[in-house]
Amino acid sequence: MNQDHIFCRMINGMIRLLLAGAVFLLFLHSIFSTSFVGRLVLEDGTHRERTLNIADSPLRHLLVFFLLTVALLLGRKLWQVLGGHKNGQADLHGGKKPGMVRGDIIFWSMTLLTVILAALYVMKTQLFPGSDPAKVFEIAMQWRRGDFSSFEEEAYLFCYPFQSGIVLYLYLLSFLFGEGNFVGPQLVNVVFLAVIYGLLAKLSGLFGVAAGEGTEGFGKKRTGLQVAVYAGLIVWVPLSFYVTYLYGILPGMAFSLGAVYFAQRYLATRRLRYIAAASLCMGLATVIKMNCLIYLIAIACFLVYDAVSLFFLSGKKKWKEGAVSLAFIVCMGLSVVLCTGISNAVVERIAGRDLPEGEVMLSWVVMGMQEAPLGPGGYNGYISNVFTEYHYDTEKVTQASLEELQKIATRMTENPLDEGLPFLARKTAFQWNDPTFICLDRTRGRSAKTQIPGWLKSVIEGRGSVRLSVLLNYMHTLILLGMLLYLFLRWKKGTLYELMGAVVFLGGYLFHLFWESSASYTIPYFVLLIPYAVCGMAEWAALLEREIDRLWGNGKNDVRKGKKVHEKTGLREKYGKAFAVVFALGFCLLVFAFTRTNLFDRTIALDDDKNGLDASEQFYQTGIWENPY
C-alpha cells in the first residue's frame with residue numbers, strides 16, 4: 001500500500017494534529033500545575049475529599065528534560081560501544097540476530113520481574129476491596145450464598161445491570177480461589193498487568209517500520225525499543241498499584257490490547273485466525289468493562305481506512321482483502337453482542353430473574369457536565385436521583401436528562417469564557433493531571449489482612465508517597481513531551497497504522513471530556529502513550545546526535561552521497577528547517593501571550609492556594625498535614 005499517497009498523508013496529518021492538540025493541552029497543565037486528591041475542612045470540622053491543584057514550575061520540568069536528554073545521549077554512545085553498532089540505530093530499528101536473542105531474554109526477564117514484584121506487593125498488603133470494587137465483590141459473594149437481593153428495586157444491579165459482567169467474573173473466580181478470597185483475584189490482576197506490559201512492548205515493534213512499508217515489517221524484532229518501552233512501563237508505577245483494585249480495569253485493558261495486537265497482526269499478515277482472536281478478545285473485554293468499546297471503535301476506524309486504501313489506492317485493486325477488513329469489523333461487533341448476550345444469559349440463569357434496564361446512559365453525560373464534591377464531572381448522585389425521581393421510567397429519565405443537558409450546553413455556549421472553557425479545563429485537570437492517577441488514593445485507608453511493612457506504608461500514605469508523587473509529576477511531563485516529539489519527529493517516516501494505540505487514547509480523551517470523570521477511568525488510556533513517548537525520546541536523542549556529529553566535523557556526507565544529491569536536498573532542508581524554526585517561534589510567542597491572560601490562570605495554571613486553601617501543605621504533607629510515616 002502506498003503510504004505516500006495524498007489521501008494517506010492527509011489522514012496521517014489530521015490524526016497527528018488532533019493528538020498533538022490534546023497532548024499539548026495536557027502538557028501545559030502538567031508543567032504549570034499539579035492535581036491531587038486533597039481534603040476540604042468543613043464548618044463542623046469534618047473532612048471531605050476534593051481534588052485540589054497547586055502551582056508547578058515549568059523551569060524545573062525543562063531542567064529535568066535537559067538532564068534526561070544528556071543521559072539519553074550518553075546512553076546511546078554506551079549502547080553503541082557495548083552493542084558494537086556503528087550508528088546506534090540498528091538495534092532500535094531492526095536489530096541483528098544476536099540482539100534479537102538477547103532482547104527476548106530481557107523481555108521475558110522483565111515479564112518475570114513484573115509478576116514477582118506485583119505479586120509481592122499483593123501479598124505484602126492483602127488489602128480488602130474498597131469503594132465500588134467492594135460493592136461488586138460483595139455482590140459476587142452474595143451470589144455464592146444464594147442471595148440475589150442486588151437485583152431488587154434501587155439495589156446496585158437494578159441501577160447498574162451493565163456491572164453484572166464484572167460481578168460474574170469475580171463470581172466464577174471464587175470457585176477457583178474460594179468464597180471471600182479477594183487475594184486470589186488480585187493475583188490474577190498481576191498476570192493481566194504483565195500481559196498489558198508485554199503487549200504494549202510488542203506493539204512498539206511497529207514503530208520501526210518505515211513509511212511506505214505499511215505493516216509488513218510488523219513482527220520483526222526491534223529489541224532496543226521494546227526493552228526501553230518495557231523498562232518505562234515498569235518504572236511508571238501508577239498502573240501497577242491497581243492490581244489490588246478489583247474493578248475490571250486491568251482485565252478489560254488486557255483483553256482490549258489483545259484485540260489491538262491481533263488487529264495489527266492481521267494487517268501485517270492478512271491471516272484470518274487473527275480476526276477470530278481479536279474478536280474474542282474484544283467480546284470478553286466489553287463484558288468486563290463496557291467502555292472498552294472505545295478500543296473497538298479505534299480498531300474499526302483503521303480497518304475502514306485499510307479497506308478504502310485497498311479498494312482505491314492500491315496499485316492492484318485488492319477487493320477481497322478490503323472486503324475482509326470490513327468483515328473484520330462485523331466480526332468484532334458480533335462477538336461483542338454474542339459475548340454480552342451469553343454473559344447476560346448466564347447471570348439471569350444464576351439469579352433466576354431477568355436483568356433490569358438500569359439507569360439511562362445519557363444521565364452519565366449530564367452528570368459529567370456538572371460540578372461534584374470530588375471535582376468537575378465527578379460522581380454527584382445525579383444519575384440515581386433522576387432515576388428515582390421518575391420512578392425508573394427510562395423514557396422519562398431520558399427526556400429529563402436531555403432537557404438538563406440542553407440547559408448546560410446553552411449556558412456554556414453563551415458564556416464560553418466564564419462557564420464553558422474553565423469547566424472543561426478544570427475537568428481535564430481533574431482526570432488527567434494527577435501524576436499518580438489516584439492510585440495512592442485508591443489504596444490508602446483500606447483495611448489490610450496482614451501487617452503492612454513500614455516502608456511500604458510510607459510509600460502509600462506517608463513521606464514516601466510525597467517523594468513518589470513528585471517523581472511521577474516529572475515523569476508525567478516527560479511522557480507527554482515524549483509523545484509530542486514522537487508525533488512530529490516521525491511525521492514523515494512513521495506510518496498511520498502505528499497510531500492505533502494513540503487513537504485509542506484520543507478516543508478516551510474525547511469520551512471522558514463529557515462522561516463521568518475520574519483519573520481511575522483515564523489511566524488505561526494514558527498508559528498507551530508510554531511506548532510513543534519512549535520512541536519520541538529515542539528519536540529526539542538520535543536527531544541531536546546527528547546534529548552534533550554534523551556540527552563537530554563528522555560531515556563526510558558530500559563524499560558518501562555525492563555532491564549532486566547534497567545540492568539537491570540542501571536547499572529543501574535549509575528552507576524546511578527555517579520554516580520550522582519560524583513556526584515554532586511564532587507558536588511559542590502565542591503561548592507566552594496566552595500565559596499573560598486571566599483565562600490562562602483559570603484554565604491551565606490552576607492554583608488552589610490562591611483560593612485560600614492549604615493545597616501545597618496537603619500535597620507536601622507539611623504543617624498540620626504532616627504524616628509520621
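Note that this is a predicted model, so its numbers are computed, not measured.
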Quick check, are the ring centers of [X] and [Y] under 6.0 angstrom apart?
X: F7; Y: F312; value: no
X: F526; Y: F437; value: yes
X: F192; Y: F255; value: yes
X: Y121; Y: F241; value: yes
X: F36; Y: F619; value: yes

Just do the side chain to side chain contact (heavy atoms under 4.5 Å, CB included) check on V591 and C588 with the steps written out, would you? CA-CA 5 Å; V591 173; C588 289; 5.6 Å; no
Do [X] and [Y] touch side chain to side chain, with heavy atoms closer than 4.5 Å?
X: S465; Y: V459; result: no
X: T428; Y: L25; result: no
X: L326; Y: L303; result: no
X: F32; Y: L606; result: no
X: S517; Y: H512; result: no
X: L484; Y: L19; result: no
X: L193; Y: T114; result: yes
X: V237; Y: L468; result: yes

Check this for me: W540, atom CH2, are more than 12 non-hydrogen atoms of other residues, nucleotides or ligands nearer than 6.0 Å? no
Search all heavy atoms of [X] against all heavy atoms of [Y] and return the closest pair with its distance.
X: L199; Y: A254; value: CD1-O, 3.7 Å
X: P251; Y: N189; value: CD-OD1, 3.5 Å
X: I288; Y: G252; value: CG2-N, 4.2 Å
X: A541; Y: R76; value: CB-CD, 3.4 Å
X: C292; Y: M282; value: O-CE, 3.2 Å

Before you tell me yes or no, could you show the steps for S30 and W432 under side chain to side chain contact (heavy atoms under 4.5 Å, CB included), namely the whole-Å CA-CA distance, both residues' side-chain angles and the distance that decides it to 0.1 Å? CA-CA 9 Å; S30 183; W432 294 99; over 6 Å; no
Walk me through whether V324 and I275 qualify under side chain to side chain contact (heavy atoms under 4.5 Å, CB included). CA-CA 9 Å; V324 172; I275 296 179; 3.7 Å; yes
Can you list every side-chain hydrogen bond (donor to acceptor under 3.5 Å, both in side chains) pair that touches residues 16-27, not counting sequence neighbours? N12-R16
Scan for side-chain hydrogen bond (donor to acceptor under 3.5 Å, both in side chains) pairs involving residues 230-242, sequence neighbours excluded, and state none if there are none. T111-Y230
Apply side chain to side chain contact (heavy atoms under 4.5 Å, CB included) to the pair C535 and L225, showing each step before the final yes or no. CA-CA 7 Å; C535 181; L225 182 60; 4.2 Å; yes
Atom pair [atom1] ([X]) and [atom2] ([Y]), whose distance is rounded to the nearest 0.5 Å:
X: I438; Y: L440; atom1: CD1; atom2: CG; result: 10.0 Å
X: T522; Y: D434; atom1: OG1; atom2: CG; result: 9.0 Å
X: L26; Y: M483; atom1: CG; atom2: CE; result: 10.5 Å
X: L480; Y: M475; atom1: CG; atom2: CE; result: 11.5 Å
X: T69; Y: L73; atom1: OG1; atom2: CG; result: 7.0 Å
X: T286; Y: N291; atom1: OG1; atom2: CG; result: 10.5 Å

Would you mind writing out the side-chain donor-acceptor pairs for residues 56-66 within the sub-3.5 Å range, not counting sequence neighbours?
unit_1	atom_1	unit_2	atom_2	d
D56	OD1	H61	NE2	3.3
D56	OD2	T34	OG1	2.7
D56	OD2	H61	NE2	3.0
D56	OD2	N473	ND2	2.8
S57	OG	R60	N	3.3
R60	NE	Y474	OH	3.3
H61	ND1	T477	OG1	2.9

Can you tell me how the ring of Y266 sits relative to the ring of F328, calling it parallel under 30°, perpendicular over 60° and tilted otherwise? perpendicular
Could you walk me through whether S33 and N433 pass side-chain hydrogen bond (donor to acceptor under 3.5 Å, both in side chains), step by step? CA-CA 8 Å; S33 65; N433 200 37; 3.3 Å; yes
Would you sort out whether Q431 and Y509 count as a side-chain hydrogen bond (donor to acceptor under 3.5 Å, both in side chains), showing the intermediate values? CA-CA 10 Å; Q431 54 189 348; Y509 177 87; over 6 Å; no
Distance to the ring centre below 6.0 angstrom and angle to the axis at most 45 degrees; does that hold for K289 and Y295? no
Before you tell me yes or no, could you show the steps for F600 and F594 under ring-ring contact (aromatic ring centres under 6.0 Å, His included), namely the whole-Å CA-CA distance, both residues' side-chain angles and the distance that decides it to 0.1 Å? CA-CA 6 Å; F600 179 78; F594 178 51; 5.3 Å; yes
Donor-acceptor contact present, side-chain Y274 to main-chain L267, <3.5 Å: no
Q264 side chain vs Y497 backbone, donor-acceptor pair below 3.5 Å: yes
Give a yes or no on whether a salt bridge exists between E516 and K427, defined as a side-chain N under 4.0 angstrom from a carboxylate O. no
Pair D306 + R270: basic N to acidic O under 4.0 Å: yes
